[in-house]
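Computed from heavy atoms alone, side chains included, the values below leave out hydrogens, waters and symmetry copies.
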Amino acid sequence: MELPDAWPDALNLASPLTWLSLYRRSRQRKTHRVQLPENLIGSDKIPAYVLLEFHGLPNGNYSNSVARGYARGFDHVMLGTVLRARHEVADRIGPLGDALDIGCGAGAMIRALEAAGVQRVTGVDPSPYLLQVAAESSPDVRYLHGVAEDLDLPDHSQDAVTACFVFHELPPARTREAFAEIFRVLRPGGTLAFIEPSRHQWEWGWARLFSRYGWRGLYFRFMAFAVREPFVAAWHQLDLAQELAAAGFAVGSDIEGCPLRVVTATKPNSAV
């Protein structure tokens, strides 16, 4: 389905003045709101908290050009760390019947799950522009336009749920709702595995980061404060083990380094 252009799609990217204007806009202290095209199907289902310019991207991921550019550039900006982590998570989950990737974006985790032998993958994301990009590389996957806290899936329908850089972009109340919803759709014994930014690059000083992680620690600290993440501070303040336990999960592992934190949790076999 062809999606309508948003205002960034009309920009002349060949002009240096355009890039200067975008740079000045990105350096403003306020977080701009996304402007959805009037004829975008499903726009009424996108929650207000999603319609913020996360990472300072022009109009967020709600335009054809920015969604494609973000899909091409994200793993390069993250120096390949997230790319490796996705495959490690997918390989750890292993061959399964059904897996759901929340906030699937342009489909990178979906491709990792397919490579790990998952038979049926479902991807959900609030941006139809990113879903369109994902469908081009993985056309046999089922895609749902939606959010983590309101999944249009039956109870006990998934063997695993994955998410990459999703929960820190939700207000805490929505994160709690998302954990409960994930618990609902997982089968007993099913696994939740997710990747999030580490607290280290926000909370550690430059010297400590350099001592522990070298120049990469400095790079990711710079990146942490260069991009805007409206809910990341609240996310880092959550007691994650407590929040997962409250939803019914048993925490399996919680590994934190720089720049990533990788968490796995299980729905007990006795859960209904």
Donor-acceptor side-chain pairing of Arg111 and Ser137 below 3.5 angstrom
yes
Arg221 side chain reached by Trp206 side chain, heavy atoms, under 4.5 Å:
yes
Any heavy-atom pair between the side chains of Leu100 and Ile102 that's under 4.5 Å?
yes
Any heavy-atom pair between the side chains of His236 and Glu196 that's under 4.5 Å?
no
Are Trp7 and Ser63 packed together at the side-chain level, in the sense that at least one heavy-atom pair is separated by less than 4.5 angstrom?
no
Report the C-alpha distance between Tyr70 and Val77 in whole Å, list the side-chain angles of each, state the deciding distance to 0.1 Å, and finish with yes or no for side-chain contact (heavy atoms from CB on, under 4.5 Å).
CA-CA 10 Å; Tyr70 184 73; Val77 171; over 6 Å; no
If we count only N and O atoms by modelled type, under 3.5 Å, do the side chains of Ser198 and Arg261 hold a donor and an acceptor together?
no
Would one find more than 12 heavy atoms of other residues, nucleotides or ligands at under 6.0 Å from atom CG of Leu79?
yes
Report yes or no: do Glu243 and Thr175 form a side-chain donor-acceptor pair below 3.5 Å?
no
Does any donor atom in the side chain of Thr162 or Asp101 lie under 3.5 Å from an acceptor atom in the other side chain?
yes
Return the orientation label for the Tyr49 and Phe231 ring planes: parallel under 30°, perpendicular over 60°, tilted otherwise.
perpendicular
To the nearest 0.5 Å, tell me how far Leu11 CG sits from Leu17 CG.
12.0 Å
Counting the benzene-type ring for Trp, do His200 and Phe220 have ring centres under 6.0 Å apart?
no
Between Val118 and Glu114, is there a side-chain heavy-atom distance shorter than 4.5 Å?
no
